[in-house]
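Everything numeric here is computed off the predicted structure, so don't read it as measured data. Both counts, for ligands and for their atoms, begin at 1 and track the order of listing.
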Amino acid sequence: MNISSNFDSGKIQVLDASDPQNIQLSIPKDTHSEHFQWFHFRVMGAQNQSLAMRITNANQASYPEGYKNYQTLASYDRKNWFRVPSNYDGKELHITHCPEYNSVYYAYFAPYTYQQHLDLVHQAQLSPQCKLQSIGKTIESRNIDMLVIGETDENKKSIWIIARQHPGESMSEWFMQGVIGRLLNPNDAISKALLSKAVFYLVPNMNIDGSIAGNLRVNTKGFNYNREWAEPSKENSPEVFHVRNLMDEYGCDLNLDIHGDETLPYNFISGIEGIPSFNETLKKLTENFIQSWIATCPDFQDTYGYPKNEAGKGNLAICSKHIGERFKCLSLTIEMPFKDNNDLPDPDFGWSPERSILLGESVLQPIYQVVNHLR
Ligand code: ZN
């Protein structure tokens, strides 16, 4: 039996794998950062052998509570990811599983690899409605991909949706796959209507280098992009730097920033109540968006979430708050769970790529509800 992680988004350190009943693992830190939580590794040669693995540094991770009531993802074909029994004892995460095949992958959430990312943006560009652009280079000189969907027209609204500033939150790129697929479906009435009123600027992966490195929260220089929006730099946060410049150029009437939350087992929104410019109009737009989404998608809710910022106390280095203030527009952080949606639990799969895609499709409904009232 051997355990490896030297592949796209792989992350684990093997401490001792000599006894299948007592495999000791630890999660290495993100590059140039104290953060860690994401893991992704392959076990080879353990067919029909029951494995007891423990992640020995789970309680030192960025969000130890994220391992509470959490079940690890596993896959034999790298497409279908199912949950296997896991237990966090307050110190270690214990994972038990008897693989049915000779090779099996385990991960914190279903990965969305760089190859999948490239497939996503290239298949999208085949649509006559969609243009694939490179808006700059990442720190490791990869193209920063942006999709522009819809014919530009100065009377149309500019809608930005970006994802995966935190690279370990792979569900956010699955969500983008749903957004893109539905927008490009010529038979979808909501998409057609939306594209007659708005142009969509979509960045499905804001942190490609960090994703490949298997980081949870930062790029390969150790920068947390969702704290860079006040003063982004080409040297340390090029994705934020270029996206913010393009927002200044094309305008921004609605901004959605897609994330995953380690701890809360729900889908929810974090708003911009704390920004200086928050007013009655933005309040109404936020409520309209949330209520419309609740009414049309039972996987979304507004009972559980982060505490709302007090007036004027919002951190303007965070994307949604910075952009909300900069453009006086509706700007929201959308969070999905790593665990499951406890309102509609699924013990076999938990929150999954399929459900993330469907949630991404469904977000066009609240956008359609508010599009005429933006800014
Ligand atoms: Zn995040």
Could you check whether His259 and Thr333, counting side-chain N and O atoms only, form a donor-acceptor pair closer than 3.5 Å?
no
After noting the C-alpha distance and the side-chain angles of Thr113 and Asp8, does the key distance pass the side chain to side chain donor-acceptor pair (under 3.5 Å) rule?
CA-CA 6 Å; Thr113 64; Asp8 184 332; 4.6 Å; no
Could you check whether Tyr108 and Phe338 have their ring centres less than 6.0 Å apart?
yes
Are side-chain N/O atoms of Asn372 and Lys197 paired as donor and acceptor at under 3.5 Å?
yes
Under 2.8 Å from the Zn ion (ligand 1), which protein N/O/S atoms are there?
His166 ND1, Glu169 OE1, Glu169 OE2, His259 ND1
Apply side chain to side chain donor-acceptor pair (under 3.5 Å) to Glu173 and list each qualifying residue two or more places apart in sequence or on a separate chain.
His117, Arg164, Asn205
Do Asp299 and Asn267 pass the side chain to side chain donor-acceptor pair (under 3.5 Å) test, and can you show the C-alpha distance, the side-chain angles, and the key distance before you say yes or no?
CA-CA 7 Å; Asp299 257 333; Asn267 292 297; 4.5 Å; no
